[in-house]
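To start, the structure itself, in structure tokens.
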Amino acid sequence: MKYALVTGASKGIGRAVAIQLARDGYYIIINYNSSKVGATKTLDEVQQVGSAGELMKFDVTDAGEVKVAFDGWAQNHAGEYIEVLVNNAGIRKDNLMMWMPEEDWHEVLNISLQGFFNVTQPLLKNMLAKKFGRIVNIASLSGIKGLPGQVNYAAAKGGLIAATKALALEIARKNVTVNAVAPGFISTDMTQGLDEKELSKNIPAGRFGTADEVASLVSFLVSKQASYITGEVISINGGLYT
Ligand code: NAP
């Protein structure tokens, strides 16, 4: 059995990634924080495509909660390990910096950046020992070029991109790759309140992307065929960023 963990897999991009990796033959560990119903729906879809999985609840910002979940999992899976990790959990709390409440700065950074640390560090040991692993971090266009109203989000995703590059260098020799995917505008709950028609005028492809399109890219990055790609940031944005 090959195990893949997707954080924030209760909806949106995380759910699409979970289903695609299930199609690829992985057993999926579906992390969620508040949306058990959504996570259960993801599990149903994982099973519908012929694989299996389980729910794993934790808040990525809470290192203690993550540890308890991983220790419990390890007890039930002696000799096995999680070889694929997709750090997808993320939120946005947009505001001009002038008016940004300090807690919105911390919350956005804690989920995307501290969450990356909390979840990735405990899984590294086994990936290195087994000499195979794949880590894919879901960053954002905002983390590459910055977008107004997203100083917190751009900092979180920019930090995630830098961490991706540094970690990739640390562990490349062990056959563990670390890459980031940087989506532009993707149709999910996160982008629901946006004026899609108006924003699409500025996207060369003329539309928002789909979560399935992001999932296909993640699927390639975790595949054996992508063994020589590490420390990269791959944009998926319909040509928006050049
Ligand atoms: P979404 O539909 O709002 O889903 C966000 C997911 O993150 C949910 O499953 C949520 O789980 C989870 N999550 C939030 N806080 C968490 C926490 N503290 N611990 C564990 N899980 C947590 O968003 P999405 O559009 O699919 O975005 C997924 C990722 O892609 C995010 O990192 C986002 O920044 C990035 N991204 C999205 C876009 C876009 O246009 N949609 C563009 C660029 C990058 P619960 O509901 O269970 O709390």
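Indexing begins at 1, ligand by ligand and atom by atom, following the structure's order. Keep in mind it's a predicted model, so treat the numbers as computed, not measured. The figures that follow rest on heavy atoms only: side chains count, while hydrogens, waters and symmetry mates do not.
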Would you say Asp212 and Thr210 are linked by a side-chain donor-acceptor pair, where the criterion is simply a distance under 3.5 Å? no
For ligand 1, protein residues within the heavy-atom limit of under 4.0 Å are Gly8, Ala9, Ser10, Lys11, Gly12, Ile13, Asn31, Tyr32, Asn33, Ser34, Ser35, Phe58, Asp59, Val60, Asn88, Ala89, Gly90, Ile91, Ile111, Ile138, Ala139, Ser140, Tyr153, Lys157, Pro183, Gly184, Phe185, Ile186, Thr188, Asp189, Met190, Thr191
For a quick test of your reading: what N or O donor-acceptor pairs under 3.5 Å do the side chains of residues 98-106 make, sequence neighbours left out?
residue: Glu102; atom: OE2; partner: His106; partner atom: NE2; Å: 3.0

Just checking, is any N or O donor in the side chain of Ser227 or Arg134 under 3.5 Å from an acceptor N or O on the other one? yes
Using side-chain contact (heavy atoms from CB on, under 4.5 Å) as the criterion, list what pairs up with Ala163, not counting sequence neighbours. Phe116
Residues which pass side chain to side chain donor-acceptor pair (under 3.5 Å) with Lys93, listed by chain and number, not counting sequence neighbours: Glu107
Heavy-atom nearest pair, Ala39 first then Ser10, reads N-CB, 3.6 Å
